[in-house]
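First the structure, which I've put down as structure tokens, then a few questions once you've had a look.
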Amino acid sequence: MLLLFSLLLQQQFTNAGAMFRRWGYSWDSDFHDIDLFSDRYDTETTTLSQAIRAAATEEPDADGSVLFGSIKGTVVGLRYYTGVVNRGEMVGLVREPQNPYDRNAVKVVNVFGQQVGHIKKELAAAMARIMDNNQAKVEGVVFSGTNNSFSMPVALSFWGQEEVKENVTKTLAQHGFKLETGVRGASGSGGGYQETYSRGIPKKGVTVLLTDEELKNAFDNLFEGLMESKDGEKEAADVVSTPLLPHQKQALSWMCARENKSGLPPFWEKRGDLYYNSLTCFSSKDVPERVRGGILADDMGLGKTLTTIALILTNFHQGKPLPVEKTEKSSPTKPLVKTSTKAPQIQPEVSSTDDVVLVGASVPSNIPQMEVVCAEDAPEVVVIEDEANKKSRKGKKKAPKRKNSKGSVALMDSLDFAAALTGSTSNTGQKKMKSDTNTSGDSNIPQCPEDPSATATLIVCPLSVLSNWLEQFEQHVSVNVKLNMYLYYGAERNRSQKFLSSQDVVITTYNVLSTDFGNKSPLHKINWLRVVLDEGHFIRNPNTQMSKAALELKASRRWILSGTPIQNSVKDLWTLLAFLRLKPFDVKEWWNRVIQRPVLRGDRTGLQNLQTLVKYITLRRTKTSEVNGRPLVVLPEKTVFVEQVELSPEERAEYDLAKSEGQNTIRRYVAEGSVLKNYADILVILMRLRQHCCHPDLPTKTSSEPGSGATAAELRERLIDKLRLVLASGSDEECSVCLDSVRFPVITHCAHVYCRPCIAKVISTEDQRARCPLCRSEIRPNELVEVPAEEEEAGTNTKQWRTSSKVQALMGNLLRLRLEDQSIKCLIVSQFTRFLTVLETPLRAEGFSFVRLDGSMTQKKRAQVIQEFQSDASDSPSIMLLSLKAGGVGLNLTAGSHVFLMDPAWNPATEEQCIDRCHRLGQKKNVVVTKFIVKDSVEEKMVEIQKKKQELVSKAFGATNSSQKSSRIDDIKTLMEMAI
DNA sequence: ACCGCCGGGTGCC
DNA sequence: ACCGCCGGGTGCC
């Protein structure tokens, strides 16, 4: 518990100050939590909750464990089971407490979960004790074959926490088994047993450990250079009205090939009649089911959405284009307004013209041949086609109803195994039915036929990019084409399975998906032709409902779109592979054994294997990638200026006062040695100073002089303060349950912020005591604290507005720009939403028309604001006030060409990301970025430290844990200008 | 299973 | 014959 706590703090710390993280890629060397940046544009985890979530989902059994040792055991009863193993094959050990003959039974299964036999009872007795007490995980390798059909030897290795090693060794000894400790102890993919029992195992090379630096570099490059496939280019179907760029044609070609072409997945080879996996040594008579789909991991701005749309339209069954109805002469002006089944009242905020009903501004009004229906309870936009057309097309594309046997069988296999591994049910009764799939005749790799009744594509995306998808479909599909699209969203969504599966495209959000999941979700009943997970890293944590819901979707083709497939560690990849059903790694156990643990331990072979896997399924190009010596995309130039700002004497006085107060507090913490423990408070101090740099009225006066022994009322007050601070900081804190911006924010006694409905759900679903999803401390429903209602929008209005040096600096720039070129649009970015509010006053005074985008806005509002800003109408706003983290990635703000970063972010990557929202595909003008930095202030120090750390990154990685810690303290001292 | 083990049959060679 | 030895039955947990 204590360990976890300090872990969280460290992680928190590391994140809030990204500069720390860069340089210490491994914040605790024991955990080897490698910071994986897929490239330099990639983001580090940037919000506190992300960081905490990363730490909280730490899987102790996979990383923290050490190898206790290995023993030789015997697998018996082979003749009763059909599961086969090859020499060197990994096997799973599954407890079978319900076995009628022996409560201690441990069964042995192969990679596909087929039972091979049992562990001999004497050893099983010992193992049962260890396994049931969760003291160790046992892994088996059949290191040599057998010369009879009754039993065979198996190498068993025991893994677990160092603390219980002694215990496990003793238990085994009591049963007469001696744990052999490998020569090298806990290292390498095979661990000790490979050392001990290596004779007879196919030579895969001795485990070579990588240095930390090599490992780091390897991860940096994991997703690089994946455009080697010479698939050439493919033209999109002619109904795609936007011409694809060369790299998009390549991507389309690759995606079509991945969906259509047969071929063995990596590590599988054909050996005679059998298919053999060289990693697990498993072999099977059946062709391993290949993955139809993969990860499109192009940088943002390269057109993943467009490419995916092209894929949907271009590659239907048998490589033919999606059959769509074309109208010769479209009359785009008069689509019908159609009401959904329940006679919806049209919401007042919906703009309604004669012809069309629109929700927000996210769907342009000229959608030809589509009806736009506003369901009750917007923000949803419902796009459906009219009845007559639907019918006409129905008749055309007849879909024979044939059951997809192959796919479902394979799925069941993996589920079976998953169940078997958890030991929940043990059905030894039924014999394995013989698999008769006769595929071995052909010399070619046989191809599993696709379910011809599966015709619809499901797109799952975060709410924030939903409107973008709709717009892109709108924009890139010919006007005379009718596409059946349905936005599965909102309370009135049509849950008819028949209706949904008859669409060409269904779009929904992760939230809807997970809400529906387990609630007789129609989405999960449909056999989709294709499922696309946009921003697929949303499912990187396999424990979330969202991820579970995504994994359960049935589809013959599966795609993940993500600019950042790895955010923190290899662990992020598992859910992705599991979603893609990349066997056998869709079963966590095998993933852990074959990939994750070896890689986290720095095993070169493990890393190579991972690279092979990733390469097999991924296409990634960055903005700097080149095709045939030419850059993928030629973007206009980008220039970054830093503008120093000097504080006025009054501002300086206020700033210095806050600084010396903060210094005193920190000095106390340093003296107590409790700097890290009070890190949250220190962040608050730093934040105040940063706010002072922007505007003297930003820092909120809080009542607290933090003391440890607080009364309940004081505690409550402090929590409210903290919550207020989090919300006011403009950091767009996300709720770790729904992973969206927090709505109806509440803070727990352990100081974590959630949406009230989300955490309420957690509490109600937990049987016994509910625990905080982030830190696992106990939470009670009546202890959730929220900001008192009357306070919500107080503060800034009370006082007379005043200016600040930074405001002046900005206004000077804006006025000058307006004189130079009327058409220039600007993004004004701050981390503090209150600062954005402050800025509104002078903007209005000077007659600028502006819009604002921050985390507190509903999706509908955001879409509307973005479209207004992007519009080239002469009366469109020329300025967008943007909260640094609002909206996340994927926003397209190319109308803007000048970016003003009002305050430095801890994480330069966040700034970079923000700039990229306008410096991306579609930007026509040169981009000019101005960063305001207050002279002689914490802002300068932040920049300084960022630079220093970045230099360190490029030099060495050898920092020890303790030196990291002391450096953090040094950093704080630097930031606070305190003598060391 | 070309084993080990069990238990019944058997008992100089 | 309260043994040894032989050979058949048998065999995961």
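Chain letters run A, B, ... following the sequence lines, proteins first and then strands; every chain starts at 1.
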Just the rounded figure in Å: distance from P of C/dC12 to CD of A/Glu122.
13 Å
Quickly work out the A/Phe150 CZ to B/dC5 P distance and round it to whole Å.
17 Å
Listed by chain and number, what are the ring-ring contact (aromatic ring centres under 6.0 Å, His included) partners of A/Trp528, not counting sequence neighbours?
none
Counting only Watson-Crick or G-U wobble pairs whose two distances fall under 3.5 Å, which nucleotide matches C/dG11?
B/dC3
Glycosidic class, syn or anti, of C/dA1 using a 90° window around 0:
syn
C/dC6 to C/dA1 separation - C1' atoms, rounded to the nearest Å
15 Å
Please determine whether a side-chain nitrogen or oxygen atom of A/Arg79 lies at a distance below 4.0 Å from atom OP1 or OP2 of C/dG11.
no
If you take atom types as modelled and just measure distance, does the side chain of A/Asn99 reach the base of C/dC13 with a donor-acceptor pair under 3.5 Å?
yes
Between A/Met152 (CE) and C/dC12 (P), how many Å, whole number?
15 Å
A/Gln115 CD to C/dC13 C1', straight-line distance once rounded to whole Å
9 Å
Is it the case that the side chain of A/Ser556 and the backbone of A/Leu529 share a donor-acceptor pair, with hydrogens and angles ignored and the cut-off at 3.5 Å?
yes
Let me know the distance between CG of A/Leu123 and C1' of C/dC12, rounded to the nearest Å.
14 Å
Using a cut-off of 4.0 Å on non-hydrogen atoms, how would the nucleic acid contact of A/Ile119 be classed: base, sugar-phosphate, or nothing?
sugar-phosphate
Using atom C1' of each nucleotide, how far apart are B/dG11 and C/dG4 to the nearest Å?
9 Å
Any salt bridge (charged side-chain N to carboxylate O under 4.0 Å, His left out) involving residues 143-168 of chain A? Give me the pairs, sequence neighbours left out, ordered by first then second residue.
none
Separation of atom OH in A/Tyr101 from atom P in C/dC13, rounded to whole Å
12 Å
For C/dC13 versus B/dC2, give the span between their C1' atoms, rounded off to a whole number of Å.
26 Å
Does a distance-only test, which skips hydrogens and angles, find a donor-acceptor pair under 3.5 Å between the side chain of A/Tyr80 and the base of C/dC13?
no
Whole-Å distance between C/dG11 C1' and A/Tyr81 OH?
13 Å
How long is the line joining NZ of A/Lys120 and P of B/dC5, in whole Å?
10 Å
Would you say A/Ser547's side chain and A/Asn541's backbone share a donor-acceptor pair under 3.5 angstrom?
yes
Please work out whether the ring planes of A/Phe585 and A/Phe267 are parallel, tilted or perpendicular, with thresholds of 30° and 60°.
perpendicular
